[in-house]
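All of these numbers come straight from a predicted model, not from anything done at the bench.
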Amino acid sequence: MHNLLSMNLKRAMTVALVVGPILALVSVDVEAARGGGRGGGGGGVRTPRANIGGGSHDFNRGNVNQRDVNVNRDVNINRNVDVDVDRHWGYGGVGVGAAVAVGTAVAVGAVVSTLPPSCNTFVADGVTYQNCGGTYYAPRYDGPNVVYEVVSPPSGWNQ
Amino acid sequence: MKMLSLLSAMLFPALALLGCASPPTDPTTASVAPPAQVISPSPAVRPQPADVLKKMAGYLRSLDRFTVRVERTTELILPTNQRLHADQTLEVALQKPNRLRVNYQNLSGGRQLFYDGTNFSLYTPEANVYASAAAAPTIDETLDLLATQYRISLPVADLLVANPDSRLAQNLTSATYVGRILIQGVPCHHLAFQTPEVDWEIWIEDGPQPLPRRLLLTDKSVEGSPQMMANLTRWDLAPTFPADFFTFKPPQNAQKITFLEQVRAVSPAKAAQ
């Protein structure tokens, strides 16, 4: 199990995640990453700050953009955390041109804003998880937005 | 000619019957009538922009509580350079020094931010989840904490914090008094400022209550210089808040979750197991 996972992580090192500003589109498909480098999203959507003063209220760019989410991977997050749009429809679609391929090899630590279809809810140790075809997600707040982080299968749930 | 006057003699009563010449008690004509003119004499001396700004800041500082609606439009520049404009409405309730509640509205139920002086909570009804964490002792410090540590911003917070002038007056390279203009029926001073990174304009009510009515900023530090405009409407300077209005009480079936930052700070090893 451990070996398999570290192999996945190693492979994931070459995979750049481009999390879009609105839909947080995640490109984790190896083929897409090979073809397009960081994916078609490039720099992503550009947004203004929401406040005039100082740098302290401004976190849409710069430090956040290059935030390392996982030590093993190069994760480029260019997310506007407070443009509040309906993510189920068009806003997400026009957000970023990146490949929308929630592929087979979803690495632990990856973050998506919407779950794939057909997930089963289950509770372990008081935490609600989603099992989506064998990939386990837990809800988190990323800034003010609810996202789902891929987690290791909870103990006692190893298939 | 005779024919014409005869025609008009016949037409006039007909038009009167149709209501064209009736007094403005008729609802259809009343709604067409222009709204009452707001007439406000211009000041004898052209105001200094810094003075107007200071006056607003002083007035905001003097308020111990208020509610306001922030209607914001944010410009998004896509990788194709197409510009889109996304709207967002926030209802802000604030009681100094340490109570704040913000309702971020959207089509899927929005989310709510609570700050009760001790903790802050974020609640998302659609996902039925919430998170809570320790806050700072004041609204200002809590806003900083939210922005820096949790990446939760309150748009236009610059205007709402305890010392707005200290933030607004930072790094100004130019200040212009543009003039006076009506914003949503309210006479306002129109000011324009520049900093190395931002050009911004503000419209401040011209009167005994110098409230900010609109803010527009152009972010020059971002390629393409996207803009953000926020109208501040429905100011209520004497709201009455129910007891525990600022305290979050999680619904029974709501799930408590954590922030990504907390997860990674606490158990990076566990997550990678």
Surrounding [atom1] of [X] (heavy atoms of other residues, nucleotides or ligands, distance under 6.0 Å), is the total greater than 12?
| X | atom1 | value |
| --- | --- | --- |
| B:Arg83 | CZ | yes |
| B:Lys96 | NZ | yes |
| B:Lys220 | NZ | yes |

Interface moiety of B:Ala131 toward chain A, non-hydrogen atoms closer than 4.5 Å |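 For B:Ala131, the contact with chain A is made by backbone and side chain together.
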
Side chain, backbone, both or neither: which part of B:Leu215 has a non-hydrogen atom closer than 4.5 Å to chain A?
->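 Contact with chain A is through the side chain of B:Leu215 alone.
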
Summary of ring pair (Phe, Tyr, Trp, His ring centres under 6.0 Å) pairs that have at least one residue in residues 139-163 of chain B, sequence neighbours excluded |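 Counting only pairs at least two positions apart or across chains, the ring pair (Phe, Tyr, Trp, His ring centres under 6.0 Å) contacts touching residues 139-163 of chain B are B:Phe120-B:Tyr150, B:Tyr150-B:Phe259.
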
Non-hydrogen side-chain atoms of A:Thr47 and B:Pro226 separated by less than 4.5 Å =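 With C-beta onward as the side chain, the pair stays apart.
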
Any side-chain heavy-atom pair of A:Thr128 and B:Val129 under 4.5 Å =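 A side-chain contact under 4.5 Å is absent here.
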
Kindly compute the distance separating CD1 (A:Ile52) from CD1 (B:Ile202), expressed to the nearest 0.5 Å.
->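 If I round to the nearest 0.5 Å, the distance is 5.5 Å.
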
Given 3.5 Å as the limit, does a donor-acceptor pair link the side chain of [X] with the main chain of [Y], or not?
| X | Y | answer |
| --- | --- | --- |
| A:Arg140 | B:Leu260 | no |
| A:Asn51 | B:Leu154 | yes |
| A:Tyr141 | B:Leu122 | yes |

Are B:Arg151 and A:Asn145 close enough that a side-chain donor and a side-chain acceptor fall under 3.5 Å?
->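 No, A:Asn145 and B:Arg151 have no side-chain donor paired with an acceptor closer than 3.5 Å.
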
Pairing residues for B:Phe114 by the ring-ring contact (aromatic ring centres under 6.0 Å, His included) criterion, not counting sequence neighbours |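 Result, ring-ring contact (aromatic ring centres under 6.0 Å, His included) vs B:Phe114: B:Phe248.
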
Measure across [X] and [Y] and return the closest heavy-atom pair with its distance rounded to 0.1 Å.
| X | Y | value |
| --- | --- | --- |
| B:Thr74 | A:Pro48 | CG2-CD, 3.6 Å |
| B:Glu223 | A:Arg46 | O-NH1, 2.8 Å |
| A:Arg49 | B:Met228 | O-CB, 3.8 Å |

